[in-house]
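Reading through the structure tokens given below for one structure.
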Amino acid sequence: MAGDSLLVKDSRTGKEITLPIIQGTDGPPVVDIAQISKQLGLFTIDPGFRSTASCQSKITFIDGDKGVLLYRGYPIDQLAEKSNFLEVCYLLARGELPNREQFLEYERIVTDHTMVHEQLLNSFKGYRRDAHPMAIMVGVVGALSAFYHDSLDIHNPRHREISEFRLIAKIPTIAAASYKYSIGQPFIYPKNELSYTENFLRMLFKVPTEKFEMSPVLIKAMDQIFILHADHEQNASTSTVRLAGSSQANPFAAISAGIGALWGPAHGGANEAVLKMLNEIGDVSHVPEYIKRAKDPNDPFRLMGFGHRVYKNYDPRATVLKQACHDVLNELGQQNSPLFKLALELERIATEDEYFVEKKLYPNVDFYSGIIQSAIGIPENMFTVIFSVARTVGWITQWSEMISGGEAIGRPRQLYTGAPRRDYVSIENRS
Ligand code: ACO
């Protein structure tokens with residue numbers, strides 16, 4: 001029995017073709033357009049991939065209209081409340097939640113690989129002292145391929161698994177070192193008796209002369225930030241990882257490309273931009289002026305932390321982080337922090353204002369994550385680095401799914417609008 005299909009007619013020639021409509025587990029069905037170029041000699045165009053699925057995937061599902069996010073079928077709010085980041089890593093990478101033994105084994109392997117090669121740490125010294133930690137991340141993560149070339153056969157599942165473990169285990173160590181280097185403090189080596197997230201926070205904040213202590217409330221909030229950022233289907237950085245990896249580049253190189261894509265303020269750099277914006281607004285009394293600017297089509301100012309390409313409803317990750325933000329500020333006695341009050345007022349006005357309501361611009365995950373991280377003591381230029389630590393599991397899982405599925409190299413086409421063919425004119429004959 002034939003399934004659903006879409007009839008396409010080329011009005012120039014009258015030729016018709018039938019394209020299959022494919023239904024996934026959930027979400028809108030997609031039209032398989034692969035035959036269009038073969039049968040009609042046409043390409044399709046969709047700048048920014050607004051209506052184009054770039055792949056099939058079993059990892060993450062988003063319903064942007066309903067504000068739903070599922071990892072391997074599990075709702076993000078349940079995972080953020082009940083799970084922990086390493087268990088979520090297992091779930092994303094393996095497809096199922098682990099039993100106790102499987103989890104302990106997974107935790108042991110990740111923990112055993114937290115150190116990086118000493119020469120990799122030496123390579124940090126090649127960067128300027130004032131380098132942005134993301135600049136260091138792009139370089140150092142790519143450089144992992146120079147250190148771990150014993151397992152770079154991307155067609156070997158065991159090699160892919162080793163790279164997955166190495167990346168998940170070492171990325172917090174590299175991220176913390178990029179920060180320590182930028183502030184001139186000694187690198188702190190991992191301490192394997194700690195949990196993944198506490199270990200990361202210790203490597204970030206400990207100095208050799210002082211004891212490291214941190215409230216479990218803050219560690220839990222950071223773990224939740226990691227969980228909420230672990231994957232988000234085919235976003236710009238993940239699509240970059242898939243595209244770079246589709247050329248059969250090694251996973252470290254592909255993920256380094258993803259880190260570069262994440263850096264931009266329209267993607268992972270947004271929480272840094274939120275904090276900058278809140279500091280610029282400065283006081284609750286200035287909020288109406290900035291709301292007015294955000295609505296002015298002639299003013300490039302946008303309300304950072306609002307709006308999302310996919311969510312046209314409240315970002316479910318923002319709901320979790322709003323609560324985490326309250327918990328962290330209460331724990332630190334900063335519930336009256338001017339920054340948080342300003343953020344709440346901005347959210348209140350923006351969610352009531354006709355412009356934002358009509359365009360479905362709700363607070364996104366970045367809106368609160370910057371305030372939480374700032375309260376924990378993390379500087380703004382580390383926010384995107386922390387995002388990249390969390391997203392590494394998503395990147396490597398999506399990469400592995402693509403490679404094991406045997407996907408062909410990604411090679412988009414274009415609609416050429418430049419000069420038609422013309423002959424070369426020597427320089428003396430040009431006007
Ligand atoms: N403030 C003011 N107006 C906005 C905002 C905003 N934050 N976001 C979108 N709009 C307006 C646009 O100007 C546009 O108006 P128009 O219809 O009059 O032209 C309309 O809303 C639709 O916006 P698009 O740009 O088409 O939305 P798109 O889906 O392409 O962009 C994006 C999404 C890039 C996230 C955008 O909302 C934005 O720049 N937000 C601020 C940056 C931010 O918070 N990024 C984080 C994203 S989440 C993440 O990466 C984890």
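Atom set for the values below is all heavy atoms of this structure, side chains included, hydrogens, waters and symmetry mates excluded. Whatever order the structure lists ligands and atoms in, that order sets their numbers, starting from 1.
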Query raised in the report: Does one side chain, of R166 or S151, offer a donor that lies under 3.5 Å from an acceptor on the other?
Result: yes
Query raised in the report: Just checking, any donor-acceptor pair under 3.5 angstrom between side chains of Q234 and T238?
Result: no
Query raised in the report: Under 6.0 Å between the ring centres of Y90 and F103?
Result: no
Query raised in the report: Can you check whether F340 reaches H326 side chain to side chain, under 4.5 Å on heavy atoms?
Result: yes
Query raised in the report: Using a 4.0 angstrom limit on heavy atoms, which residues are close to ligand 1?
Result: R50, A266, H267, A270, A294, R302, L303, M304, G305, F306, G307, H308, R309, K312, Y355, K359, L361, N364, V365, D366, F387
Query raised in the report: Can you find a side-chain donor-acceptor pair between Y362 and E347 that sits under 3.5 Å?
Result: no
Report task. For E213, enumerate each residue passing the salt bridge (charged side-chain N to carboxylate O under 4.0 Å, His left out) test, keeping only those at least two apart in sequence or located in another chain. Result -> K211
